[in-house]
2 protein chains.
Amino acid sequence: MTDKLTIIGAPISPYVRKVLAILIMKDLPFRCIPQVPFLADDNFTRISPLRRIPVLKHGDFTLPDSTAIIQYLEEAFPDTPAAYPGDAKARARARWFEEYADDHFGRNVIFNLFFQRVVRPRVLKQEPDQALIDQTLESTLPNALDYLEGEVPADGFLAGDISVGDITIAAMMKNAFWAGWEMDEDRWPGFAAWLKRTSDHPALMKVNTLADEMMAVPPTEHEAIMERFHAAA
Amino acid sequence: MTDKLTIIGAPISPYVRKVLAILIMKDLPFRCIPQVPFLADDNFTRISPLRRIPVLKHGDFTLPDSTAIIQYLEEAFPDTPAAYPGDAKARARARWFEEYADDHFGRNVIFNLFFQRVVRPRVLKQEPDQALIDQTLESTLPNALDYLEGEVPADGFLAGDISVGDITIAAMMKNAFWAGWEMDEDRWPGFAAWLKRTSDHPALMKVNTLADEMMAVPPTEHEAIMERFHAAA
């Protein structure tokens with residue numbers, strides 16, 4: 001537990017925020033280097049073969065992939081609050097929602113919306129693909145929320161206590177909102193209420209607020225914001 | 001342990017084979033229903049929201065996603081041989097390779113090759129996308145093997161004992177070979193030797209042989225092959 005925990009990756013990424021939220025829930029001290037993967041040099045490929053964020057450094061151990069990182073934190077620090085439910089079936093359900101969010105929701109919903117509407121114009125100075133944006137707003141994202149509306153409970157969370165499944169989907173939704181998605185709360189009332197419950201968790205609120213600050217300024221100012229976050233932690 | 005384990009999904013899928021290989025390694029009795037997702041009716045969406053295989057049924061518990069399934073089997077049957085290494089860092093490494101294989105290797109390498117060259121013409125009666133095939137053969141797959149050549153040890157496996165990381169990558173490679181990939185063993189000698197060691201594991205060999213039989217005949221005959229496999233188990 002004496003080895004330092006470092007997360008490499010910009011908190012604007014939902015994959016980074018899910019890990020930071022879990023670190024905060026576990027009360028584990030960490031430092032975050034707000035790397036934007038599209039701006040990383042060739043050396044980044046050596047620690048993240050798919051050039052994705054986040055990457056964990058724990059002493060001399062390096063680990064890419066948000067899902068593998070959270071499972072590792074759970075196992076390396078067993079005395080901290082759990083990121084997964086206690087029962088094997090509930091844990092499996094939490095992992096399924098994490099995978100659904102990371103893979104389908106993240107890559108097919110958020111990237112097609114957030115990447116096109118925010119990253120392409122702001123970071124890459126490219127035109128967005130309007131057809132992808134329209135398809136996401138009119139079909140992919142509504143279909144995903146139709147599915148999740150049927151899965152969220154009237155009270156509580158997706159797999160018992162709040163877990164990595166809830167945190168991951170809620171982190172993704174924040175990026176959809178940044179990209180201008182306006183959710184119809186009458187169409188998805190259960191999901192909207194669940195999203196509020198999850199987003200109100202202090203750990204997720206803390207990292208979402210951090211990322212809100214970053215969204216308001218250019219990437220060159222993100223390190224200074226991160227330093228203030230670390231100083232206050 | 002009295003509830004029946006059923007795997008829904010055609011063993012021609014590497015995602016199904018990785019789960020079947022782990023079930024065999026754990027010596028857990030199971031039945032497999034060789035469902036091809038592209039031929040499934042609308043009801044399939046209710047048990048697999050992304051219409052992917054495999055899906056696990058354990059009594060009345062239903063779980064999609066091969067990664068979540070294997071982790072569930074590991075936790076639900078703790079007295080069986082482990083699918084993951086014993087040490088937290090080695091387990092994290094095994095999970096990273098599983099994710100690398102499932103996500104990048106599976107979706108960007110194998111689907112672009114196997115799906116285009118085998119599934120589209122044989123199952124969907126569609127023309128393959130030759131540009132995708134060429135890009136995969138000339139760039140994506142060689143780049144992935146360049147990376148893995150640097151990761152495989154001279155002896156043994158990716159994370160200590162043979163684990164889900166090895167099984168997953170080796171299962172994927174089988175589909176690349178079915179799609180006509182000819183591996184240059186002089187360019188990737190370490191990977192080729194590791195692949196042989198992994199593919200020689202009796203559990204993987206058993207499911208690869210089963211799938212070889214299925215590859216040789218139309219899908220209408222797969223159930224009969226599966227029944228013979230169950231009868232012999």
Side-chain angles (χ1 to χ4, degrees), chain A residues 3 15 45-52 55-56 58-78 84-109 140 143-144 146-148 150-151 159 164-165, chain B residues 3 15 45-52 55-56 58-78 84-109 140 143-144 146-148 150-151 159 164-165:
Chain A
D3 280 337
Y15 300 97
T45 309
R46 285 192 292 188
I47 62 166
S48 183
L50 299 177
R51 295 185 64 80
R52 291 183 188 155
V55 176
L56 168 74
H58 184 207
D60 59 3
F61 179 63
T62 302
L63 181 65
D65 188 63
S66 63
T67 301
I69 291 171
I70 291 173
Q71 185 70 49
Y72 172 74
L73 294 173
E74 186 85 349
E75 296 176 359
F77 304 103
Y84 302 83
D87 168 73
K89 287 186 172 69
R91 262 201 306 281
R93 193 169 148 83
R95 287 195 181 100
W96 156 249
F97 285 114
E98 184 187 16
E99 168 67 15
Y100 180 81
D102 278 352
D103 181 4
H104 177 63
F105 214 80
R107 299 196 204 293
N108 300 324
V109 179
T140 323
N143 288 348
D146 283 348
Y147 164 60
L148 291 169
E151 297 294 321
V164 67
Chain B
D3 281 336
Y15 299 97
T45 309
R46 285 192 294 188
I47 62 166
S48 183
L50 299 177
R51 295 185 64 79
R52 291 182 187 156
V55 176
L56 169 73
H58 183 205
D60 58 4
F61 179 63
T62 301
L63 180 66
D65 187 63
S66 63
T67 300
I69 291 171
I70 292 172
Q71 184 71 49
Y72 172 73
L73 294 172
E74 186 84 349
E75 295 176 0
F77 304 103
Y84 301 83
D87 167 74
K89 287 187 171 69
R91 263 202 303 282
R93 194 170 148 82
R95 288 196 181 100
W96 156 250
F97 285 114
E98 184 187 16
E99 169 67 15
Y100 180 81
D102 279 351
D103 181 4
H104 178 64
F105 213 79
R107 301 197 203 293
N108 300 326
V109 179
T140 323
N143 288 349
D146 282 348
Y147 164 60
L148 291 169
E151 297 294 322
V164 68

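For the numbers below, each heavy atom of this structure counts, side chains included, while hydrogens, waters and symmetry mates do not. Each chain gets a letter, A, B and so on, in the order its sequence line appears, and its residues count up from 1.
Ranked by heavy-atom pairs under 4.5 Å with chain B, the list A/Arg107, A/Arg93, A/Glu98 is led by A/Arg107. If you tally non-hydrogen atom pairs under 4.5 Å between each of A/Ala144, A/Pro49, A/Gly150 and chain B, the highest count goes to A/Pro49.
Looking at B/Arg52, only its side chain comes within 4.5 Å of chain A, counting heavy atoms on both sides. Interface remark: B/Asn143 contributes no atoms to any contact with chain A (heavy atom separation under 4.5 Å).
Rounded to the nearest 0.5 Å, atoms CZ (A/Arg95) and CD1 (B/Ile69) are 12.5 Å apart. The CG atom of B/Asp65 lies 4.0 Å from the CD atom of A/Glu99; values are rounded to the nearest 0.5 Å. Rounded to the nearest 0.5 Å, atoms CG (B/Leu56) and CH2 (A/Trp96) are 13.0 Å apart. To the nearest 0.5 Å, atom CG of residue A/Asp103 and atom CG of residue B/Leu50 are 7.0 Å apart. Interatomic distance, A/Gln71 CD to B/Tyr84 OH, rounded to the nearest 0.5 Å: 8.0 Å.
Summarising the geometry of B/Tyr72 relative to A/Ala88, their closest heavy-atom pair is CD1-O, 3.7 Å, with the distance given to 0.1 Å. Of all non-hydrogen atoms in A/Ala92 and B/Ala68, the two that sit nearest each other are O-CB, 4.3 Å.
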